[in-house]
Amino acid sequence: MYKFFAYLNRMKYINRWGLMHSTVNENIMEHSQQVAVVAHALATISNVYFGGSLDANSIAVKALFHETSEVLTGDLPTPIKYFNPEIRDSYKNLEKYANEKLLQHLPSELSAEYAKIVCDESSEEHKFVKYADKICAYIKCLDEVKMSNSEFYKAEKTILKEIKSYKRPEVDYFMDNFVAAYRLTLDELEL
């Protein structure tokens, strides 16, 4: 019996934003789906408008699995995760260890294939997942601020500043052309 996919199914129990009061809870399963959609969009924007040659589908799949380790580690809040280089590096090692342990719950042939997805931390595709991850954190802030949750005011500004620092045309294009719509109500979204 192999347990890898049963572990992944538990992503729905791991909530994000643990140190902040959220009006709507967000788990890592739904977050990963949102990151996959945005990462796919960023790659497609890169290919269509900026001469990229990325595999948008591969990037979307990596985004779906980008929080895999958290079924074992939980979601460590960003201020703690990046408090200092020692903690950051230790947590990166813990995530790597958790992913390796999870991959042991697959047949070896499948484990080798999923390792290419779960353990990628340096490719261009991985960078697009990270950009999307940050954009989705910003979108979460927009949602919370829209509901008058002042808990997210500072995070919204801090995350936006980081996104702008990427200086990536794909990211800028997405932010300039799609993010404003996330502020709309359902009635305003209707055609």
Assess whether side-chain contact (heavy atoms from CB on, under 4.5 Å) is satisfied between Asn9 and Met29, documenting all intermediate values.
CA-CA 8 Å; Asn9 190 53; Met29 183 180 275; 4.2 Å; yes
Are [Y] and [X] co-members of a hydrophobic cluster defined by side-chain heavy atoms under 4.5 Å apart?
X: Leu160; Y: Met20; result: yes
X: Ile59; Y: Tyr166; result: yes
X: Leu103; Y: Leu110; result: yes
X: Val37; Y: Leu142; result: no
X: Met175; Y: Val48; result: yes

Which pair of non-hydrogen atoms, one from [X] and one from [Y], has the smallest distance, and what is that distance?
X: Asn15; Y: Asp75; result: O-CB, 3.7 Å
X: Val38; Y: Cys136; result: CG2-SG, 3.8 Å
X: Ser22; Y: Phe152; result: OG-CZ, 3.6 Å
X: Leu72; Y: Ala98; result: CD1-O, 3.6 Å
X: Ser53; Y: Asn47; result: N-OD1, 3.2 Å
X: Ser69; Y: Asn99; result: N-OD1, 3.2 Å

Flag if over 12 foreign heavy atoms under 6.0 Å of [atom1], [X]:
X: Tyr97; atom1: OH; answer: no
X: Lys81; atom1: NZ; answer: yes
X: Phe50; atom1: CZ; answer: yes
X: Glu86; atom1: CD; answer: no
X: Lys146; atom1: NZ; answer: yes
X: Arg88; atom1: CZ; answer: yes

Measuring from [X]:[atom1] to [Y]:[atom2], what's the distance to the nearest 0.5 Å?
X: Asp172; Y: Ile45; atom1: CG; atom2: CD1; result: 10.5 Å
X: Glu125; Y: Ile117; atom1: CD; atom2: CD1; result: 10.0 Å
X: Ile28; Y: Arg10; atom1: CD1; atom2: CZ; result: 11.5 Å
X: Glu100; Y: Ser111; atom1: CD; atom2: OG; result: 9.5 Å
X: Ile139; Y: Arg183; atom1: CD1; atom2: CZ; result: 10.5 Å
X: His31; Y: Leu64; atom1: NE2; atom2: CG; result: 11.0 Å

Short question: side chain of [X], backbone of [Y] - any donor-acceptor pair under 3.5 Å?
X: His40; Y: Ala60; value: no
X: His66; Y: Ala63; value: yes
X: Asn149; Y: His21; value: yes
X: Ser46; Y: Leu42; value: no
X: Glu30; Y: Asn27; value: yes
X: Ser90; Y: Ile87; value: no

For the aromatic rings, using the six-membered ring if either is Trp, is the centroid distance between Phe65 and Tyr114 under 6.0 Å?
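Phe65 vs Tyr114: aromatic centres under 6.0 Å.
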Between Phe4 and Tyr7 (judged by ring centroids, cut-off 6.0 Å), do the two rings come close enough to count as a pair?
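So the answer is no for these two rings.
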Under 4.5 Å between any side-chain heavy atoms of [X] and [Y], yes or no?
X: Val118; Y: Leu102; result: no
X: Pro169; Y: Tyr49; result: no
X: Cys141; Y: Trp17; result: yes

Between [Y] and [X], is the closest basic N to carboxylate O distance under 4.0 Å?
X: Arg168; Y: Glu124; result: yes
X: Lys96; Y: Glu121; result: no
X: Lys140; Y: Glu26; result: no
X: Arg16; Y: Glu144; result: no

Applying ring pair (Phe, Tyr, Trp, His ring centres under 6.0 Å), name anything that partners Tyr91, two or more places apart in sequence or on another chain.
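Applying ring pair (Phe, Tyr, Trp, His ring centres under 6.0 Å) to Tyr91 gives none.
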Going by the rule ring pair (Phe, Tyr, Trp, His ring centres under 6.0 Å), which residues pair with Tyr138 if we only count those two or more places apart in sequence or in a different chain?
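Listed in chain order: nothing, the list is empty.
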For Ile163 and Ile159, what are the C-alpha separation, side-chain angles and deciding distance, and is it a side-chain contact (heavy atoms from CB on, under 4.5 Å)?
CA-CA 6 Å; Ile163 291 169; Ile159 292 168; 3.8 Å; yes
Can you label the angle between the Phe178 ring and the Phe174 ring as parallel, tilted or perpendicular, going by 30° and 60°?
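Answer is tilted, since the angle falls between 30° and 60°.
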Report the C-alpha distance between Glu67 and Asp133 in whole Å, list the side-chain angles of each, state the deciding distance to 0.1 Å, and finish with yes or no for side-chain contact (heavy atoms from CB on, under 4.5 Å).
CA-CA 10 Å; Glu67 301 285 22; Asp133 193 33; 4.2 Å; yes
